[in-house]
> 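One structure, pasted below without further comment.
Lettering of chains follows the sequences in order, A, B, ..., and the numbering in each one begins at 1. Only heavy atoms go into these numbers, but all of them, side chains included; no hydrogens, no water, no symmetry mates.
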Amino acid sequence: MKARLRIRDVGGLAGPNSYVLESGKLNVVESSNAGGKTSIVRALTSILSMSRTGDFDESTLSEAFRLGIKTDPRNPREGFVNVHAEEAEVELDLNDNRERYSVSKNGEFIVFPDNGDQRFLFTGILSNDSRVIRQLHGLEEYEPDDFKWAVTLLSSAKGYDLVSEKLKNEREDLEEKRFIIKQTIQQIEHLSKEKHQLENKLNQLDEKLSELRPRFSGIEPLLEKRSNISKDIDGLTVKIGDKRGEIGRITKERLDIPKRRIREAEERKKTILEELANLRIDELENTKSLEGPEFEREINRKRAERSDVDGLLNLFVTAELSLEGKHGTQLICPLCNNGKLDRDRVKDEIAKLRNQKQELNEKILSVTQLKFGIERQLEEEKKKAERLEEELLSTEADISNALESIRDPERAIRSVESTIHGYEQSIREKKSLLAELTKKISKSDEQVNEEYTETETERSDTSLELGKSLQQIGQLSSVEILGLALEPHKADMVCREMLEVVSDLLSYAENRAEQERQEASRRFNTNIQTLMKNLGFTDFRNVQLNKDYRLYAERLNPETGDYVYQQPKTLSTSEKVAVALVLQLALKETYMSHVPFFILDDIIEDFDEDRIKRVIDYLAKKAQQEDLFIVITKLVEELGLPRIRCIPP
Amino acid sequence: MSTKERLRKIVDSLAAKRKLESKDIETKLVQELRNMAKELSK
């Protein structure tokens, strides 16, 4: 099978270039030093690894920067897009399927491929910048033999690890919440005890006042009236405390949560509106309406020119046929100036016209791509706008629902506040009455009155304390857990149950991650053993990942003929590259066997001749057996523009 | 299907995603935990 790779303005290769690759063969990308080999490799790697959304995971992004698939903002000069161009474009035609990738100089994606898989960066391409080689050279944050990242990042273990991380946070939040709930319960118990004591004290003070009352003579009705007013005031003070507690409870249970929801939804709405404002639909529509017809006209003009060239080409090809075997003879021809044409001239004209036709074809393709690029980009932006509008509607509905849900509690709070206000008004009136009565009573029996007044004042203070106590109990009687406002004992029960659920789920996710790693490691080790055998690397034995996912390798000691354990960091440079090749091929077999591409950039030349031969033989055989596109780069100093040679095994 | 099994299935489906994002975990798993807490509180 054949694949056509078209690239425009990628890396060092300015303008449009087109290459054909063949499966079952070695595709050798040849150029002089800095002649464009790596640009072709980058173009191919980008279209195979760029995801549908155009971005990379955090763990993959640095690899994309190092391999030059994405422009590193810290090093914009060595970007994916050619320095003289505004955007780069890659197209890969394979099996009647066309993948497109287009990116602007500032890193903004225009068109993404549909089937790219970012894991290709760790499995499908090996260059001196690849993580495997850097790690063996000790240039990575990992120990040279630590390959836990590979079995994690490339298998589902990574997904389980991410879920575990989230569950750990949830568990910590629940544990923290449970601690707060327990403290709240203790505070409520303490306040309830205090409330009980204050109620007892009030009863005792009432008894004392009853005992004092008979000592007044002739003014019992006044005294009873004053006592009743005083009790009313105390009762109202307690009620106010209770009502304030009720307000605290309503606020916590029915206002705080929806208000937080409103704040979050408002934030979300702001982000969506910003994203909508950043869309370039109008600009693209303008470009399309202004430049679209011009593109059409340009395409039609070039097609007309190509038709003229075709006509001339047909005439000259006919002329060449009629001159076949007639060396030195001349033909009367209406096209040339002197009316005569020889065979060499005809050949020159044909070559010239074919070149012209090729140039016109490329121009038509380039303008078509430009036109298509704008249309595709416009389509993508419109889709995005549609999605954002939907999100906006749903967010606005959330806000409106939450606003609706806080109306009732706000009304309830206003009603309670109005009741408190009434109580306070009543207290003020009663206090004024109380003062008048106290004045009248004080004239009769000063000493008894003083004791009576003191007791009543103490009773009032006690009532005030009771009111405060009730207010605090009210405020503490509701706690928030997982977005729900619950009574503390119920919240404690929910928290305990949820902790059990989350802990169980967390150990499940952690166990599954480990199982995935072990399974990946097992498959990986099987592939390594097969590869070592097929590559004939007899100077190594038992290359494998051990149970800690550390790389284990035994190396032949030529003096004794024995194989002994060799630490990866102590291998020679060429041996490290050989081990990296085996590891990378095994990673490809283990995780990306469905992608029919494997790329080696500037790797082969690091081996000695014997190893080059074995690697090339193996790769050629593998390409043929598995119908793979194996791409390798080769330095050819005398070449100008790069080329790809497809070499059969 | 028990609650435990349902939650485990959600975890499996999340882990199998090629490009798992934090918001996927939030909307699928954490939301399910919230619903469960709501049920427990009834």
Side-chain angles (χ1 to χ4, degrees), chain A residues 51-60 115-119 154-167 169-171 173-174 177 268 480-487 490-502 504-513 515-516 591, chain B:
Chain A
S51 74
R52 203 178 289 188
T53 52
D55 51 2
F56 290 103
D57 285 349
E58 205 182 316
S59 46
T60 317
N115 298 304
D117 186 333
Q118 53 182 333
R119 293 179 301 170
L154 300 169
S155 73
S156 299
K158 186 185 161 207
Y160 283 109
D161 280 351
L162 283 173
V163 172
S164 300
E165 208 53 49
K166 186 78 191 165
L167 286 170
N169 290 340
E170 284 293 314
R171 192 175 63 177
D173 285 350
L174 282 168
K177 191 60 90 178
R268 227 169 36 239
E480 193 206 323
I481 165 175
L482 296 167
L484 301 164
L486 300 173
E487 186 278 321
K490 183 148 236 174
D492 187 44
M493 183 275 286
V494 171
C495 207
R496 194 182 60 238
E497 300 254 341
M498 289 309 294
L499 262 170
E500 272 177 32
V501 170
V502 170
D504 172 79
L505 209 53
L506 176 61
S507 47
Y508 173 74
E510 284 175 341
N511 285 340
R512 287 289 297 117
Q515 282 169 10
E516 284 290 321
Y591 301 109
Chain B
M1 196 191 296
S2 72
T3 310
K4 196 186 267 189
E5 282 168 349
R6 198 175 69 246
L7 285 168
R8 288 180 175 192
K9 272 205 179 307
I10 294 174
V11 170
D12 287 336
S13 70
L14 284 169
K17 276 182 84 109
R18 190 184 283 185
K19 192 171 182 301
L20 176 61
E21 287 178 18
S22 162
K23 68 172 180 205
D24 298 327
I25 307 176
E26 194 65 45
T27 51
K28 296 217 171 109
L29 183 62
V30 178
Q31 203 47 50
E32 189 64 27
L33 291 171
R34 302 262 182 283
N35 292 342
M36 187 182 283
K38 208 171 185 176
E39 282 301 310
L40 282 169
S41 70
K42 279 181 186 166

> Identify which part of B:K42 has an atom lying under 4.5 Å from any heavy atom of chain A, answering side chain, backbone, both or neither.
backbone
> Check whether A:E516 gets within reach of chain B through its side chain, its backbone, both or neither, counting any heavy atom under 4.5 Å.
neither
> Any donor-acceptor pair under 3.5 Å linking the side-chain atoms of B:R34 with those of B:Q31?
no
> Side chain, backbone, both or neither: which part of A:L162 has a heavy atom under 4.5 Å from chain B?
both
> Check whether A:V501 gets within reach of chain B through its side chain, its backbone, both or neither, counting any heavy atom under 4.5 Å.
side chain
> Counting only non-hydrogen atoms closer than 4.5 Å, does A:Y508 touch chain B with its backbone (N, CA, C, O), its side chain (CB onward), both, or neither?
side chain
> So which residue, A:L486, A:L167, A:I481, A:D117, ends up with the most heavy-atom pairs under 4.5 Å with chain B?
A:D117
> I'd like to know if the side chain of A:K166 and the backbone of B:I25 have a donor-acceptor N/O pair within less than 3.5 Å.
no
> Is it the backbone or the side chain of B:L29 that comes under 4.5 Å from a heavy atom of chain A, or both, or neither?
side chain
> Apply salt bridge (Lys or Arg N to Asp or Glu O under 4.0 Å) to B:K17 and list each qualifying residue two or more places apart in sequence or on a separate chain.
B:D24
> Are side-chain N/O atoms of A:Y160 and A:N511 paired as donor and acceptor at under 3.5 Å?
no
> Just jot down the salt bridge (Lys or Arg N to Asp or Glu O under 4.0 Å) partners of A:D161, sequence neighbours excluded, or say none.
A:R517
> Can a donor-acceptor pair be found, under 3.5 Å and without considering hydrogens, that links the side chain of B:S2 to the backbone of B:E5?
yes
